[in-house]
Amino acid sequence: MKIASWNVNSVRARIEHLKRFLDRQSPDVLLMQELKAEVFPTETFQALGYNSVAVTQKAYNGVAILARTPIEVTCTTLPGDDQDSHARFLETRIAGLRIVNIYAPNGNPPASDKFLYKLAWMDRFYVELHHWLADGIPTLIGGDYNVIPEDIDCHKPASWARDALFQPEPRSRYRDWLALGYTDAFRSLHPGETGQFTYWDYFRLAFEHNRGIRIDHFLVSPSLAPRVRFCEIDRTPRSEQKPSDHTPILLELD
DNA sequence: ATGTCGCCTCATAGGCGA
């Protein structure tokens, strides 16, 4: 079972990129983030052989899941704050797995309300991760975590020192998630490997110089970790014309 | 501070979020 995750930075602007990616990689499941559209193009993906579910809002955020097999939606909001209306969370059951798609808050600038929202969101997410361990359902959470976990996950730590994605508080929370027993699938299969990024700024030829960061992740529950055969970053979509600033990460389960 | 995208609107330029 091949699962991909991609922050597309507008599903409308990236529809042809998406078609090329699906045709080339043919994933069984695709998690998408930053749809930036209230209406999701269900029919477009149906014509390509995919079921889909989406949680959307106007202009910002938005997450969707495509799958070749049926998708059962189990939750569309991150519990813990009734006032939170951001479209950032989608929990499903697909082929016996709990598959969760997240678009965690960016949180810039640090020391802002947006940064406090990011930290509170991460705390609420911890509670869900803890719950999920109890029922034994093999669980995979993919998406844009908006956290640079370690120094080797960016080209130059000094360049990100003042960015919300690299602050001690969110990085500490990410480590707390791993301490619960979840595995960062990419890092566990590529220990110590440098220069492996999923996002590059649009400006200053960041992609051409590989000045990027690794912020799109797959976390897997303990029962699923031994079944991860490979986890790779596909740089091709980022190299195309008019790309998203993120590129897909892919994972294969036995 | 800046760079570049994509979205939206008291819209064709500017603000917001990333």
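Lettering of chains follows the sequences in order, A, B, ..., and the numbering in each one begins at 1.
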Side chain to side chain contact (heavy atoms under 4.5 Å, CB included) partner of A/Val53, the single match among A/Asn101, A/Ile71, A/Val63: A/Ile71
B/dC16 to B/dA11 separation - C1' atoms, rounded to the nearest Å: 15 Å
Return the value, rounded to whole Å, for the distance between atom CG of A/Asn61 and atom P of B/dA18. 7 Å
Atom CD of A/Glu240 to atom C1' of B/dC5: distance rounded to whole Å? 17 Å
Listed nucleotide nearest any side-chain atom of A/Arg204, set B/dC5, B/dG3, B/dA18: B/dG3
Assuming nearest nucleotide by heavy-atom distance, tell me which of A/Phe203 and A/Gly107 is located more 5' along DNA chain B. A/Phe203
Expressed as a whole number of angstroms, how long is the span from A/Lys114:NZ to B/dG15:P? 15 Å
In terms of relative ring orientation, are A/Trp200 and A/Phe197 parallel, tilted or perpendicular, with 30° and 60° separating the classes? perpendicular
How many whole angstroms separate atom CG of A/Asn9 from atom P of B/dC5? 11 Å
With a non-hydrogen cut-off below 4.0 angstrom, is A/Arg162 in contact with a base, only sugar-phosphate, or nothing? nothing
The test is side-chain contact (heavy atoms from CB on, under 4.5 Å); show your working for A/Tyr174 and A/Asp184 and say whether it passes. CA-CA 10 Å; A/Tyr174 188 85; A/Asp184 179 331; 2.9 Å; yes
Establish, from distance only, whether the side-chain atoms of A/Glu34 and A/Asn7 form a donor-acceptor pair under 3.5 Å. yes
Provide, to the nearest angstrom, the distance between the CG atom belonging to A/Leu165 and the P atom belonging to B/dG17. 16 Å
Side-chain N,O (A/Arg88) to OP1/OP2 (B/dA18) below 4.0 Å: yes
Could you give the CG-to-P distance, from A/Asn108 to B/dT2, as a whole number of Å? 16 Å
So, does A/Lys242 get its side chain near the phosphate of B/dC5, meaning an N or O under 4.0 Å from OP1 or OP2? no
Find every protein N or O atom lying less than 3.5 Å from an N or O atom of nucleotides 7-12 of chain B, and list the pairs.
unit_1 : atom_1 : unit_2  : atom_2 : d
B/dC7  : OP1    : A/Ser10 : OG     : 2.6
B/dC8  : OP2    : A/Arg12 : NH2    : 3.4
B/dT9  : OP1    : A/Lys58 : NZ     : 3.4

Closer than 3.5 angstrom, by distance alone: can the side chain of A/Glu91 be matched with the main-chain N or O of A/Thr76 as a donor-acceptor pair? no
Return the value, rounded to whole Å, for the distance between atom CG of A/Asn106 and atom C1' of B/dG6. 15 Å
Write down the distance separating the P atoms in B/dG15 and B/dC10, rounded off to the nearest Å. 14 Å
Under 4.0 Å between any heavy atoms, over every strand shown, what does A/Tyr103 touch: base, sugar-phosphate, or nothing? Just pick one. sugar-phosphate
Would you be so kind as to tabulate the donor-acceptor pairs closer than 3.5 Å made by side chains of residues 218-226 of chain A, with sequence neighbours excluded?
unit_1   : atom_1 : unit_2   : atom_2 : d
A/Ser221 : OG     : A/Thr139 : N      : 3.0
A/Ser221 : OG     : A/Thr139 : O      : 3.4
A/Ser221 : OG     : A/Ser223 : OG     : 3.3

Could you measure between the two P atoms, the one in B/dA1 and the one in B/dT12, and give it in whole Å? 29 Å
Looking at the rings of A/Tyr126 and A/Trp177, which for Trp means the six-membered one, are their centres under 6.0 Å apart? no
When rounded to whole Å, the CG to C1' distance for the pair A/Asp201 and B/dG6 reads 15 Å
